[in-house]
Amino acid sequence: LFGMFVAEKADTAQIPKLVQALLDHHIAVVPTQSLAERWFAPDRSAEALAAEPEMKYVKPRDLKNWASGKNETMSDPRYDSLAMTRFIQIRRRLVFECNRAGVMLLLGSDAPQVFNVPGFSLHRELQYLVAAGLTPYEALRTGTANVARFYKRNDLGVVRTGAVSDLVLLNSNPLQDISNSRRIEGVLLGDRWLPKKFIEQTLKRLEKN
């Protein structure tokens with residue numbers, strides 16, 4: 001599963017060769033590091049993850065299945081906490097080396113997936129990218145300018161006249177602390193402004209438990 005049980009066999013000396021191959025073949029990478037940091041990591045139990053605030057938007061049945069998925073993974077005879085921590089560190093290093101070499105990274109979390117709630121999981125993914133060594137600016141580009149570059153669009157991921165209007169207004173600077181990406185004051189979609197109060201009311205209606 002995701003190579004987690006063979007991580008100890010990984011030859012990290014081959015990372016530069018792998019990164020160069022990605023560059024040579026113009027391959028973009030979506031790390032989905034949030035899966036490894038949450039589903040596979042030994043430092044957070046299923047119970048602790050299930051108690052997080054955004055889990056109230058998940059159907060109880062799905063939440064139960066997610067907990068079962070994580071518990072089954074951790075109870076696998078091949079599961080070793082130290083080896084799993086190394087697996088996650090290798091993933092972080094791959095993310096860092098790809099970014100440093102100029103491989104295009106794109107923001108994604110594979111949500112809805114084990115303890116990854118759509119929307120909320122992207123904020124967590126940004127934090128994991130920074131934990132891997134990216135600057136907040138570099139992390140933000142994975143979900144903005146890099147996406148425009150991937151689709152060869154010059155009207156996405158920028159703020160200028162004629163560009164697609166899909167702006168998120170924050171009340172704190174994410175360049176100083178990437179967790180400020182959560183401090184949303186409102187969203188502009190086309191010519192429609194969605195204020196914080198509207199977003200909160202909408203989220204309230206989406207609560208499942």
If every non-hydrogen atom of Ser179 is compared with every non-hydrogen atom of Asp177, which pair is closest and at what distance?
-> OG-OD1, 2.8 Å

Could you tell me whether Glu37 and Arg92 have a side-chain N and a carboxylate O separated by less than 4.0 Å?
-> yes

Start with the C-alpha distance between Thr142 and Asn99, add both sets of side-chain angles, then the distance that settles side chain to side chain contact (heavy atoms under 4.5 Å, CB included), and finish with yes or no.
-> CA-CA 10 Å; Thr142 67; Asn99 182 70; 5.9 Å; no

Could you name each residue pair satisfying salt bridge (charged side-chain N to carboxylate O under 4.0 Å, His left out) that touches residues 132-155, not counting sequence neighbours?
-> Arg153-Asp155

Chi angles and distances behind the side chain to side chain contact (heavy atoms under 4.5 Å, CB included) call for Asn71, Glu47 = CA-CA 10 Å; Asn71 286 331; Glu47 292 71 26; 4.1 Å; yes

Would you indicate whether the side-chain heavy atoms of Tyr128 and Val95 approach each other to under 4.5 Å?
-> no

Calculate, to the nearest 0.5 Å, the distance between atoms CD and NZ belonging to Glu207 and Lys56 respectively.
-> 4.5 Å

Tell me, which pairs form a salt bridge (charged side-chain N to carboxylate O under 4.0 Å, His left out) where one or both residues lie in residues 96-111, sequence neighbours left out?
-> Glu97-Arg100

Atom pair CZ (Phe87) and CZ (Phe40), whose distance is rounded to the nearest 0.5 Å = 6.0 Å

Give me the ring orientation class for Trp66 and Phe115: parallel if the planes are under 30° apart, tilted from 30 to 60°, perpendicular past 60°.
-> perpendicular

Check whether Ile184 and Leu188 end up in the same hydrophobic cluster, where Ile, Leu, Val, Met, Phe, Trp and Tyr are linked by side-chain heavy atoms less than 4.5 Å apart.
-> no

Residue pair Ile15 / Leu94, side-chain heavy-atom distance below 4.5 Å | yes

State, to 0.1 Å, how close Ile88 and Pro42 come at their nearest heavy-atom pair, and which atoms those are.
-> CD1-CD, 4.5 Å

Any idea which heavy atoms bring Tyr57 and Phe120 closest together, and the distance?
-> CE1-CZ, 3.4 Å

When rounded to the nearest 0.5 Å, the distance separating SG of Cys98 from CG of Leu23 is 8.0 Å

Between the main-chain N or O of Asn116 and the side-chain N or O of Arg38, is there a donor-acceptor pair closer than 3.5 Å?
-> no

Can Trp193 be reached from Leu170 by stepping across I, L, V, M, F, W or Y side chains whose heavy atoms are under 4.5 Å apart?
-> no

Are Leu134 and Leu105 side-chain neighbours, meaning at least one heavy-atom pair lies under 4.5 Å?
-> yes

Locate the shortest heavy-atom distance separating His123 from Ser181; write the atom from each residue and the value.
-> ND1-OG, 2.8 Å

Note, Val187 side chain near Leu167 side chain (heavy atom, < 4.5 Å) | no

What are the two closest non-hydrogen atoms of Arg91 and Pro31, and how far apart are they?
-> NH2-O, 2.7 Å

Side chain proximity check, Met55 to Asp62, heavy atoms < 4.5 angstrom | no

Should Val168 and Leu189 be counted in the same cluster of Ile, Leu, Val, Met, Phe, Trp and Tyr side chains packed under 4.5 Å apart?
-> yes

Are side-chain heavy atoms of Val58 and Pro112 found at a separation under 4.5 Å?
-> no

Check the pair Asn180, Leu175 against side chain to side chain contact (heavy atoms under 4.5 Å, CB included), reporting the backbone distance first and the verdict last.
-> CA-CA 8 Å; Asn180 286 335; Leu175 298 180; over 6 Å; no

Interatomic distance, Leu194 atom CG to Thr202 atom OG1 [nearest 0.5 angstrom] | 7.5 Å

Donor-acceptor under 3.5 Å (Lys196 side chain, Arg183 main chain) = no

Quick one: pull up CZ in Arg93 and OG1 in Thr12 and give me the separation to the nearest 0.5 Å.
-> 4.5 Å

Return yes if a side-chain donor-acceptor contact under 3.5 Å exists between Arg124 and Ser34, otherwise no.
-> no

Evaluation steps, side chain to side chain contact (heavy atoms under 4.5 Å, CB included), between Gln127 and Arg182 = CA-CA 11 Å; Gln127 291 181 281; Arg182 295 172 175 268; 3.9 Å; yes

Any side-chain heavy-atom pair from Trp39 and Met4 closer than 4.5 angstrom?
-> no

How far does OG1 of Thr85 sit from CD1 of Ile90, to the nearest 0.5 angstrom?
-> 11.0 Å

Do any N or O atoms from the side chain of Gln33 and from the backbone of Glu125 form a donor-acceptor pair under 3.5 angstrom?
-> no

Determine the minimum heavy-atom distance between Leu63 and Ala50, stating which atoms define it.
-> CD2-O, 4.1 Å

Verify the cluster assignment for Phe5 and Phe2: are they in a single hydrophobic cluster under the rule of side-chain heavy atoms below 4.5 Å apart?
-> yes

Taking a hydrophobic cluster as the set of Ile, Leu, Val, Met, Phe, Trp and Tyr residues connected by side-chain heavy atoms closer than 4.5 Å, whether directly or through intermediates, do Met74 and Met84 fall within one such cluster?
-> yes

Check: Gly157 main-chain N/O paired with Thr144 side-chain donor or acceptor under 3.5 Å | no

How about Asn146 and Leu107: do any of their side-chain heavy atoms sit closer than 4.5 Å?
-> no

